[in-house]
Visitor: 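Before we start, here is the structure in question, set down as structure tokens.
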Amino acid sequence: MKNLKKIAALLLALALVASLFAACGGDSGSSAPSSSTGGSSQDAPESSESAPESSDAASGDDGEIHPMRIVQPGTLPDEYEQGIAAVNEKLKADGVNIEVSVQRIPWDSYAEKLNLMLTTGEEFELLHVMQDVKNLSAIAGMDAILPLDDLLGNYPDLVANFTENEWLGAVYNGNHYAVPCSWHSFDNTMAYMTVRTDTMKKVGYNEFPADSVDDVLDLMKKSQDSMLEETGIKAYNWYHQNQDTAHWLHRTYDTYPFYVENSLGLIIARQDGTIDSFYESEEFKQDCEVYQKMFQQGLINPDILNMDSQVKYDQANLGAFLPSQTFDPSVAKTIMDKTDLTDVTADWVKMCPDKPDVIYTFVQNLNAISATSEDPESGLKFLNWLYASQENHDLFHCGTPGKYFNDEGEGMLSRTDDMKNENGDALYSMDTWMTGYMPFMRYDSAIVTDEYLSYTNYRSENYVVSPVAGFLFDSSNVTTELTNLQTEIIASIYPIKVGMVSYEDNIDTAIEKLKAAGLDKYLEEYRTQFQAYLEANPDVMEIAKGTTK
């Protein structure tokens, strides 16, 4: 289809702009406007000439109030019911005939419960899609979400809110299957780590030792001892999620730049277009050797594969975390707010900073319409309304102004004191990384640091574009294999990956089990589709070879 035929033109645009994509991750609850948003283009969904011009307008309005149920990961805020009631009151006043509700699935059971919802046909309207957890193609391949091209023409304002590249990231099998979430701008932020710089200097490192893994491990060990004395908590190095790969280490390898697919880690995509099996690669072996050393030194939590993911954030907020690729620099202010610690500082760092960043996707977070929706357009009506004004965006994400927050101007807000719980968290706040829009996002002035502003608004001047940046794998032909592989990776690969068991003693058996689960068939299908993508878009490899600046 024309969407795919023009991917090359979109890739060429990267020579003029850096990256515009989001990442699933922690959220301060707010962000500042710093995005370049473009109108609909030839590669974005087309707007019907007869479509209503009103930002509220939609086709098929029968005058009835329809449910608009959103499924997201995490937990709801304390005063969710009060906050969402105000949202629904404003929707009614604006003539948008939907009633919004949000269902959250706890992180520790998210993958299992989401799969159950999708396979049993549970009714809801809007699903948050995280490309690094369960990507768009995997969900679309299950027929769990709907193609949107026939509907988006009714929402020209919504279409115009996102750039060509952002819409490209929503394409699966020639059709747009989701609406991008443009909440954050960064280039491969998952490869960066956050470090407590006050502790770093306290233990003898004036600068982060970015060119030596051994020195980083030494810094971790000395920081751990210092933080234990300071907080009474043993600090650890963390992945953002257990399925993540050690992107921070990859920058130190001679074979870099390359990209490892982040949801299951099955493939490693090299800049020459080669797709290899990551768990059979030399790079994975190097990862495991470092992590086993870390595990043996006590830098990895011994219960990492079983514990609630929230624990890492709870401990970090009390000052106990080692350099990790999951936190953000605003944790420094949170630590000082929640503890008696003073002069805490944090910054984001990367190994081998002279090496290029890797642009690996055009959009990381999206919102898709469930195939079980009673009214498929209700989700689009909500997003159309949400991104129509600062007022709407604030109301849903921050709550009623004057009650839950005060507008501090220039993309900033302050939380009202009587609307915080005993932990100091806002009683009502909806995560912007799932539904935010950069021109309307706000930072919490009590939390945000200059380092965080730098982190969120980073634009690389030295980067390469991965050949897979515009490619979405269709897993529908290997659904059984994918399910089996996911189970086997958790059972056999994770203990090796986190250093809990020896790579040398266990990798051969683990690979045998992966192959029995369908690894080779999965790789063959991936390579076949990727080769067809390259043949249809010959400029992709030219971009991959020549965009280092």
Visitor: Please check: side-chain N/O of T197 versus main-chain N/O of M200, any donor-acceptor pairing under 3.5 Å?
Guide: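 Not a single qualifying donor-acceptor pair exists.
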
Visitor: Looking at K513 and D508, is there a salt bridge between them, counting it only when a charged N and a carboxylate O are closer than 4.0 Å?
Guide: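 Between K513 and D508 there is no salt bridge, as every charged N stays at least 4.0 Å from the carboxylate O atoms.
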
Visitor: Considering residues, nucleotides and ligands other than K350, do more than 12 of their heavy atoms fall under 6.0 Å from its NZ?
Guide: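 Above 12, so yes.
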
Visitor: Sub-3.5 Å donor-acceptor pair from the side chain of K497 to the main-chain atoms of D244, do we have one?
Guide: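 Answer holds: yes.
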
Visitor: Are K134 and N115 close enough, and set up right, to give a side-chain hydrogen bond (donor to acceptor under 3.5 Å, both in side chains), and what steps lead you there?
Guide: CA-CA 10 Å; K134 192 175 183 69; N115 281 334; 3.2 Å; yes

Visitor: Take Q224 and K221 through the side-chain hydrogen bond (donor to acceptor under 3.5 Å, both in side chains) test and state the conclusion after the steps.
Guide: CA-CA 5 Å; Q224 187 183 64; K221 189 60 182 176; 3.1 Å; yes

Visitor: Taking the ring of Y452 and the ring of W348, is the distance between their centroids below 6.0 Å?
Guide: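 They do not qualify: ring centres at least 6.0 Å apart.
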
Visitor: Determine yes or no for a side-chain-to-main-chain donor-acceptor pair under 3.5 angstrom, with Q243 supplying the side chain and G265 the backbone.
Guide: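 Side chain of Q243 to backbone of G265, a donor-acceptor pair under 3.5 Å: no, none is there.
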
Visitor: Is the Y503 to Y291 ring centre distance short of 6.0 Å?
Guide: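 No; Y291 has its ring centre 6.0 Å or more from that of Y503.
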
Visitor: So that I know where these two stand, are F327 and Y313 an aromatic pair - ring centroids less than 6.0 Å apart?
Guide: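 Close enough - the centres of the two rings lie under 6.0 Å apart.
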
Visitor: Tell me the closest heavy-atom pair linking Q131 and V363, and the distance in Å.
Guide: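 Minimum heavy-atom separation between Q131 and V363: CG-O, 3.6 Å.
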
Visitor: Between I507 and Y279, what is the shortest heavy-atom contact and its length?
Guide: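 Minimum heavy-atom contact is CD1-O, 3.8 Å.
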
Visitor: Hey, are the side chains of L118 and L127 touching, using non-hydrogen atoms and a 4.5 Å cut-off?
Guide: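 Yes. Closest side-chain heavy atoms under 4.5 Å.
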
Visitor: Quick one, D225 with K222, criterion side-chain contact (heavy atoms from CB on, under 4.5 Å). Give me CA distance, side-chain angles, the key distance, then yes/no.
Guide: CA-CA 5 Å; D225 294 340; K222 290 176 178 176; 5.6 Å; no

Visitor: Between W238 and Q325, is any pair of side-chain heavy atoms under 4.5 Å apart?
Guide: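 A side-chain contact under 4.5 Å is absent here.
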
Visitor: Can you give me the closest heavy-atom contact between S277 and I268, atom names plus distance?
Guide: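 Nearest heavy atoms, S277 then I268: C-CG2, 4.3 Å.
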
Visitor: Would you mind reporting whether D314 and L318 have side-chain heavy atoms less than 4.5 Å apart?
Guide: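 No; the side chains remain at least 4.5 Å from each other.
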
Visitor: Run the numbers on D431 and R104 for salt bridge (charged side-chain N to carboxylate O under 4.0 Å, His left out), then give the verdict.
Guide: CA-CA 11 Å; D431 299 282; R104 291 279 177 88; 3.2 Å; yes

Visitor: Locate the shortest heavy-atom distance separating I335 from F321; write the atom from each residue and the value.
Guide: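 Closest approach of I335 to F321, heavy atoms only: CD1-CE2, 4.1 Å.
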
Visitor: Please determine, by modelled atom types, if E525 and Q529 share a side-chain donor-acceptor pair under 3.5 angstrom.
Guide: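 The answer is yes; a qualifying pair exists.
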
Visitor: Applying the ring pair (Phe, Tyr, Trp, His ring centres under 6.0 Å) criterion to F471, which one of Y259, Y172, Y526 satisfies it?
Guide: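 One option only clears the test, and that one is Y526.
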
Visitor: Any chance the side chains of Y205 and D218 put a donor and an acceptor closer than 3.5 Å?
Guide: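 The criterion, which ignores hydrogens and geometry beyond distance, is satisfied for D218 and Y205.
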
Visitor: Could you check whether any side-chain heavy atom of I145 comes within less than 4.5 Å of a side-chain heavy atom of L136, counting everything from C-beta outward?
Guide: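 A side-chain contact exists here, since the closest heavy-atom pair is under 4.5 Å.
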
Visitor: Go through it in stages, so that I can follow the logic: the residues are N175 and N173, the test is side-chain contact (heavy atoms from CB on, under 4.5 Å), and I'd like the CA-CA distance, side-chain angles, deciding distance and then a yes or no.
Guide: CA-CA 6 Å; N175 208 322; N173 199 25; 5.9 Å; no

Visitor: Output yes when a side-chain donor or acceptor of D149 lies under 3.5 Å from a complementary backbone atom of H176, and no otherwise.
Guide: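 Yes: the side chain of D149 pairs with the backbone of H176.
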
Visitor: So how far is it from L299 CG to S223 OG, rounded to the nearest 0.5 Å?
Guide: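 Those atoms lie 9.5 Å apart.
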
Visitor: Can you tell me how far CG of D328 sits from CG of D347, rounded to the nearest 0.5 angstrom?
Guide: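 Those atoms lie 11.5 Å apart.
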
Visitor: Taking only residues two or more places apart in sequence, or in another chain, which ones meet K515 in a side-chain contact (heavy atoms from CB on, under 4.5 Å)?
Guide: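 Partners of K515 by the side-chain contact (heavy atoms from CB on, under 4.5 Å) criterion, ordered by chain and then number, come out as E280, I511, L519, D520.
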
Visitor: Please examine the side chains of M351 and V213, heavy atoms only from C-beta on, and report whether any two atoms are closer than 4.5 Å.
Guide: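 Heavy-atom side-chain distance check passes, below 4.5 Å.
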
Visitor: Would a 4.5 Å heavy-atom cut-off, applied to side chains only, mark T119 and M142 as touching?
Guide: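 They are in side-chain contact.
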
Visitor: What class does the angle between the rings of H240 and W107 fall in, given that below 30° is parallel, 30 to 60° is tilted and above 60° is perpendicular?
Guide: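 Rings of H240 and W107: perpendicular, over 60°.
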
Visitor: Checking N135 against S137: is there a side-chain donor and acceptor pair closer than 3.5 Å?
Guide: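 The answer is yes; a qualifying pair exists.
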
Visitor: Is the backbone N or O of I304 less than 3.5 Å from a side-chain atom of N242, with the two atoms forming a donor-acceptor pair by type?
Guide: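 Present.
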
Visitor: Step by step, would you call N161 with Y437 a side-chain contact (heavy atoms from CB on, under 4.5 Å)?
Guide: CA-CA 9 Å; N161 281 333; Y437 180 52; 3.5 Å; yes

Visitor: I need the minimum non-hydrogen distance between A517 and N484, along with the two atoms involved.
Guide: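 Minimum heavy-atom separation between A517 and N484: O-CB, 3.6 Å.
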
Visitor: If I take atom CG from residue N237 and atom OG from residue S324, how far apart are they, to the nearest 0.5 angstrom?
Guide: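 Result: 4.0 Å between the selected atoms.
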
Visitor: When you measure from the side chain of K312 to the backbone N and O of Y239, does any donor-acceptor pair fall under 3.5 Å?
Guide: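 Checked: pair present.
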
Visitor: Compute the centroid of each ring, for Y522 and then for F473, and state whether the two points are separated by less than 6.0 Å.
Guide: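 Yes, the ring centres sit under 6.0 Å apart.
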
Visitor: Quick one: sort the H250 and Y253 rings into parallel, tilted or perpendicular, breaks at 30° and 60°.
Guide: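 Answer is tilted, since the angle falls between 30° and 60°.
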
Visitor: Do Y463 and Y360 make the cut of ring centroids closer than 6.0 angstrom?
Guide: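 Judged by ring-centre distance (under 6.0 Å), Y463 and Y360 do not meet the cut-off.
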
Visitor: If you count the non-hydrogen atoms of other residues, nucleotides and ligands that lie under 6.0 Å from CG in D303, is the total more than 12?
Guide: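 Yes.
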
Visitor: Roughly how far, to the nearest 0.5 Å, is OG of S466 from CD1 of I359?
Guide: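 Atom-to-atom, I359:CD1 and S466:OG are 10.0 Å apart.
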
Visitor: Could you measure the distance from the CD atom of Q72 to the CD1 atom of I105? Nearest 0.5 Å is fine.
Guide: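 Result: 10.0 Å between the selected atoms.
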
Visitor: Could you check if a side-chain atom of T345 sits within less than 4.5 angstrom of a side-chain atom of R196, using non-hydrogen atoms only?
Guide: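 When only atoms from C-beta onward are counted, R196 and T345 do not touch, as no gap falls below 4.5 Å.
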
Visitor: Testing the basics here: between W433 and P73, what is the closest heavy-atom pair and its distance to 0.1 Å?
Guide: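 Heavy-atom minimum between the residues: CH2-CG, 3.8 Å.
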
Visitor: Between T255 and E283, do the side chains contain an N or O donor and an N or O acceptor separated by less than 3.5 Å?
Guide: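 There is such a pair between these side chains.
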
Visitor: Any side-chain donor-acceptor pair under 3.5 Å between T163 and E166?
Guide: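 Distance-only check passes for T163 and E166.
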
Visitor: Output yes when a side-chain donor or acceptor of T274 lies under 3.5 Å from a complementary backbone atom of R270, and no otherwise.
Guide: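 Such a contact is absent between T274 side chain and R270 backbone.
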
Visitor: Tell me whether T479 contacts the main-chain N or O of S476 through its side chain, where contact means a donor paired with an acceptor under 3.5 Å.
Guide: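 Yes; at least one donor-acceptor contact below 3.5 Å.
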
Visitor: Are the side chain of T252 and the backbone of L249 linked by a donor-acceptor contact shorter than 3.5 Å?
Guide: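 It does hold such a pair.
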
Visitor: Is atom CD of E122 surrounded by more than 12 heavy atoms (other residues, nucleotides or ligands) closer than 6.0 Å?
Guide: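 Yes.
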
Visitor: Could you tell me whether D357 and R251 have a side-chain N and a carboxylate O separated by less than 4.0 Å?
Guide: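 Salt bridge flag = yes for R251 with D357.
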
Visitor: Check the pair S309, Q241 against side-chain contact (heavy atoms from CB on, under 4.5 Å), reporting the backbone distance first and the verdict last.
Guide: CA-CA 7 Å; S309 180; Q241 299 171 94; 5.5 Å; no

Visitor: Do the side chain of S370 and the main chain of T372 share a donor and acceptor less than 3.5 angstrom apart?
Guide: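 The answer is yes, because a donor-acceptor pair under 3.5 Å joins these two groups.
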
Visitor: Looking at side-chain heavy atoms only, is the closest gap between P467 and F530 below 4.5 Å?
Guide: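 Side-chain contact under 4.5 Å: yes.
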
